[in-house]
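Working notes, structure below.
Note that the numbering runs from 1 along the sequence shown for the chain.
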Amino acid sequence: MFENLEIMQMARAMATHASARQNAVAQNIANADTPGYAARDLPAFAEIYRSEATPDLRATRAGHIGADHSVTTGPQTRVEPGATSPDGNSVSLEEEMVKSVEVKRQHDLALAIYRSSMTVLRTSLGRG
């Protein structure tokens, strides 16, 4: 019953997104010296959650009928013009460190939302 609450689903989705983004950041850092490696990142959580929460049809493949856009939730390669090193690598360790801190904050926020929701539920049941 309580697993279907929107706030719980949102907290779970946010924690899952933070985990996937941390994985992408770790792969970028691990490949910082790999020639030709293109840095990857996930879209912002708000964009992904908004697209997942809308009841409209979504195309996950180009051949789907009736849907005119696609949804990608995996890591996407990101290369800014002029941001590659001479060996073709586009990873900046400073940017990855900043992203790692952002991911930790996002994960902490997801946990705080979950804890707060559980406190409200316990209080409403008289077990607070």
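Closest approach of Met10 to Tyr49, counting heavy atoms only: CB-OH, 3.5 Å. Across all non-hydrogen atoms, the minimal contact from Ser90 to Ala39 is OG-N, 2.8 Å. Ile48 and Pro43 make their closest contact through CD1-O, 3.8 Å (heavy atoms, listed as atom of the first residue, atom of the second, distance). Between Ala110 and Ala15, the closest heavy-atom pair is CB-N, 3.8 Å.
The main-chain N or O of Ala32 is found under 3.5 Å from a side-chain atom of Asn89 such that the two form a donor-acceptor pair. Remark: side-chain polar atoms of Ser117 are not paired, donor with acceptor, to backbone N or O of Met8 under 3.5 angstrom. Side chain of Ser100 to main chain of Glu96: no donor-acceptor pair is present (N/O by atom type, distance under 3.5 Å, no hydrogens or angles).
With rounding to the nearest 0.5 angstrom, the CZ atom of Arg12 is 14.5 Å from the CD1 atom of Ile7. Atom-to-atom distance recorded for Ser19:OG and Met14:CE is 14.0 Å, nearest 0.5 angstrom. Taking CD of Gln22 as the start and CD of Gln27 as the end, the distance is 11.0 Å to the nearest 0.5 Å. For the atom pair Thr123 OG1 and Met118 CE, the distance stands at 10.5 Å (nearest 0.5 Å). Rounding to the nearest 0.5 angstrom, the gap separating the OG atom in Ser116 from the CG atom in Leu111 is 12.5 Å.
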Practice task
Could you walk me through whether Ile29 and Val91 pass the side-chain contact (heavy atoms from CB on, under 4.5 Å) test, one step at a time?
Solution key: CA-CA 7 Å; Ile29 291 171; Val91 176; 5.7 Å; no

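Listed by first then second residue, pairs satisfying salt bridge (charged side-chain N to carboxylate O under 4.0 Å, His left out) with a partner in residues 14-33 read Arg21-Asp41, Arg21-Glu102, not counting sequence neighbours.
In terms of the side-chain hydrogen bond (donor to acceptor under 3.5 Å, both in side chains) criterion, residue partners of Asn31 (sequence neighbours excluded) are, by chain and number, Thr34.
Val103 and Met97 fall into different hydrophobic clusters, where Ile, Leu, Val, Met, Phe, Trp and Tyr side chains are chained together by heavy-atom contacts under 4.5 Å. Under the 4.5 Å side-chain heavy-atom criterion for ILVMFWY residues, no single connected hydrophobic cluster contains both Val120 and Tyr114.
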